[in-house]
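Take a look at the structure below.
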Amino acid sequence: MAKKTKNPVFSGMNVATVSGEISDSEAAILAQMLGMNESDEIHETKEVPVASLLPDADLEAAVAEAEKIESTQTMYEEIEKETASATAAADIPATSEVASKGAKKKKAASAEPKAPKEPKEHRMTYSMVGKTGFSKLIVSKFGGSIDTLLQTNVHDVALGPEDLNEKIKEVLNRIDFCNQIKVQQKVVMLLSFFSKGGKLNEVMKRTFDILAKEGKITTGDKGNLQTNLREKYSVGTARAQAAQMFTLLPMLDICKREKGMLTLNEDSEMFLKAKAALSL
C-alpha cells in the first residue's frame, strides 16, 4: 500500500495552509518541486504555511492581486444590488401613475356627456344643378342678399316686398331656363363679384368696358366684342365667349336686343354696379 503523509499545498492566488494525505508518486513530484532528492524522506509534519515556501516578492504580488480581484468583485456586486433596487423603486410609481391617469380619463369620460355634433352646412355645387336648377344654387350661395343682388333695374328699389319677390323669382326662372351652363356659371361669377369683390372674369370685364365706351355690342366675327376678345383668345374661343355674353346680357336686363346688336339698358342696375366696381 502506498505510504500517506501530510503535506503543505496552496490553491490559486490565495495563500492558505491545508493538510491531507498524498500517495508516494505525489510525494515524489512534490519533493522535486521543493528541490529535494529522491533519497530525502518526506516526514509527516504539521500544517506548514505555504507563504513560507514562496519568495517575499512573489507573495506580495499574489496577495495584492487577490485583494484587487476580491475588491473588484465586491464592487460589481454592490452596483448590481443598487441597480436592481433603483429599478424596482422606479417601476412602482410609474405603474401607479399610469393606473391613476387611466382612472381619471374613465371618470372624466363618464362624467362629461358628449355634446351633440352640429349638422354641417350643405352647400350646393355645380354638380347638383342638374337636379335642382341654378336658382337653388344661387339662393344657397348668396342667401338673403339675393334681394339686392338680383335687382336688375334701378327702379326695383322702389318696389314693395311682394312685387320685389315676384321680380326676383322671374329673374331666377330666366337663369334656370337658360339651359346653357357656361352662361349660368357666368351669372354666379358676376353675382360673386358684386357680393365679395375680387377680380371679375376677363371676358365680362372686356364686355362691360365696351358697353361703357360704345353703349352697344355688335354681332358677328367683325363685331366689336369678338374683335376685342381675339386680342387675347383664339378665334374659336372668342366666338364662343361672345355668344355666351349675347345670352347673358339681355337675361339680366343689362342690354336690350336689337337687330344685329345689343344696346345698353340705361336703367340697368347691374351695369351701374359693374361700372363703379371696375372704375369704367
Side-chain angles (χ1 to χ4, degrees), residues 124 126 129 133-219 223-226 228-229 232-233 238 240-280:
M124 297 190 64
Y126 289 132
V129 170
F134 256 82
S135 61
K136 290 185 178 180
L137 171 64
I138 292 171
V139 172
S140 173
K141 185 175 181 65
F142 300 104
S145 61
I146 61 171
D147 289 347
T148 301
L149 292 174
L150 290 180
Q151 289 183 17
T152 60
N153 192 290
V154 292
H155 302 294
D156 288 345
V157 68
L159 296 175
E162 292 184 3
D163 292 335
L164 180 59
N165 187 46
E166 289 299 320
K167 176 68 181 289
I168 298 300
K169 285 182 179 180
E170 180 188 348
V171 175
L172 289 172
N173 285 335
R174 292 181 203 166
I175 297 170
D176 275 342
F177 289 100
C178 169
N179 293 326
Q180 296 184 42
I181 191 169
K182 295 294 185 181
V183 175
Q184 292 167 326
Q185 288 174 348
K186 278 184 169 61
V187 172
V188 175
M189 291 178 193
L190 183 60
L191 296 180
S192 295
F193 176 68
F194 290 155
S195 175
K196 300 178 182 179
K199 187 176 181 180
L200 182 61
N201 171 270
E202 183 66 19
V203 173
M204 286 190 284
K205 181 179 178 182
R206 287 172 178 259
T207 301
F208 283 120
D209 185 59
I210 292 172
L211 284 173
K213 292 177 179 177
E214 302 181 27
K216 61 183 180 180
I217 300 293
T218 55
T219 61
N224 55 5
L225 180 55
Q226 284 198 46
N228 183 289
L229 293 177
K232 183 176 179 63
Y233 305 102
Q241 293 292 332
Q244 293 170 20
M245 294 307 300
F246 263 83
T247 301
L248 181 142
L249 294 173
M251 184 174 65
L252 297 180
D253 295 330
I254 296 172
C255 289
K256 298 176 182 179
R257 290 185 181 275
E258 294 187 13
K259 187 177 180 179
M261 69 177 68
L262 297 175
T263 57
L264 176 63
N265 178 7
E266 299 294 341
D267 294 330
S268 171
E269 177 69 12
M270 290 190 178
F271 172 74
L272 295 177
K273 287 180 180 179
K275 183 179 180 181
L278 298 171
S279 302
L280 300 176

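In this chain, residues are counted from 1 in sequence order.
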Task: For His155 against Asn153, the heavy-atom pair lying closest together - done: N-OD1, 2.8 Å
Task: Lys275 NZ to Ser268 OG distance, which is reported to the nearest 0.5 Å - done: 11.5 Å
- [ ] State the OG1-CZ distance between Thr219 and Phe246, to the nearest 0.5 angstrom.
- [x] 5.0 Å
Open item on the list: So which atom in Thr247 and which in Arg257 form the shortest heavy-atom distance, rounded to 0.1 Å?
Closed with: CA-NH2, 4.1 Å
Open item on the list: Show the nearest heavy-atom pair for residues Leu229 and Ala242, with the distance to one decimal.
Closed with: CD1-N, 4.0 Å
Task: Asn173 (side chain) donor-acceptor with Lys169 (main chain) under 3.5 angstrom - done: yes
Open item on the list: Taking salt bridge (charged side-chain N to carboxylate O under 4.0 Å, His left out) as the cut-off, I'd like each qualifying pair that reaches into residues 146-162, sequence neighbours left out, listed once.
Closed with: Asp156-Lys167
TODO: Check the pair Met245, Ile217 against side-chain contact (heavy atoms from CB on, under 4.5 Å), reporting the backbone distance first and the verdict last.
DONE: CA-CA 9 Å; Met245 294 307 300; Ile217 300 293; over 6 Å; no
Task: Gap separating the CZ atom of Arg206 from the CG atom of Asn201, nearest 0.5 angstrom - done: 11.0 Å
Task: Considering all heavy atoms, the nearest Leu191-Ile138 contact - done: CD1-CG2, 4.0 Å
TODO: Starting at CD of Gln244, measure out to NZ of Lys182 and round the result to the nearest 0.5 Å.
DONE: 7.0 Å
Task: Non-hydrogen atoms of Phe194 and Lys273 that approach each other most closely - done: CE2-CB, 3.6 Å
Open item on the list: So, using salt bridge (Lys or Arg N to Asp or Glu O under 4.0 Å) as the criterion, who are the partners of Glu170 when residues are at least two apart?
Closed with: Arg174
- [ ] Go through the steps to decide whether Gln226 and Thr218 satisfy the test side-chain contact (heavy atoms from CB on, under 4.5 Å), and finish with yes or no.
- [x] CA-CA 9 Å; Gln226 284 198 46; Thr218 55; over 6 Å; no
Open item on the list: On a heavy-atom basis, which atom in Ser135 and which in Asp176 lie closest, and how many Å separate them?
Closed with: OG-OD2, 2.6 Å
Task: Which residues share a salt bridge (Lys or Arg N to Asp or Glu O under 4.0 Å) with Lys213, sequence neighbours left out - done: Asp209
- [ ] Report yes if some heavy atom in the side chain of Leu164 is under 4.5 Å from a heavy atom in the side chain of Gln151; otherwise report no.
- [x] yes
TODO: Report the distance from atom CG of Leu280 to atom CG of Leu211, rounding to the nearest 0.5 Å.
DONE: 9.5 Å
Open item on the list: Check whether Ser140 reaches the backbone of Lys136 with its side chain - one donor and one acceptor, N or O, closer than 3.5 Å.
Closed with: no
- [ ] Side-chain contact test, heavy atoms from C-beta onward, threshold under 4.5 Å: evaluate it for Val183 versus Met251 and give yes or no.
- [x] yes
Open item on the list: For Lys186 and Gln180, which I'm curious about, is there any donor-acceptor pair between the side chains at under 3.5 Å?
Closed with: no
Task: Leu249 vs Phe271, side-chain contact (heavy atoms from CB on, under 4.5 Å): CA-CA, chis, key distance, verdict - done: CA-CA 10 Å; Leu249 294 173; Phe271 172 74; over 6 Å; no
- [ ] For residues Leu150 and Phe142, determine if any side-chain heavy atom of one lies less than 4.5 Å from a side-chain heavy atom of the other.
- [x] no
Open item on the list: Once rounded to the nearest 0.5 Å, what's the spacing between atom CG of Leu272 and atom CD1 of Ile254?
Closed with: 10.0 Å
Open item on the list: Are Met204 and Phe193 packed together at the side-chain level, in the sense that at least one heavy-atom pair is separated by less than 4.5 angstrom?
Closed with: no
Task: Side-chain touch Thr152/Asn265, heavy atoms, less than 4.5 angstrom - done: no
Task: Evaluation steps, side-chain contact (heavy atoms from CB on, under 4.5 Å), between Val157 and Glu269 - done: CA-CA 10 Å; Val157 68; Glu269 177 69 12; over 6 Å; no
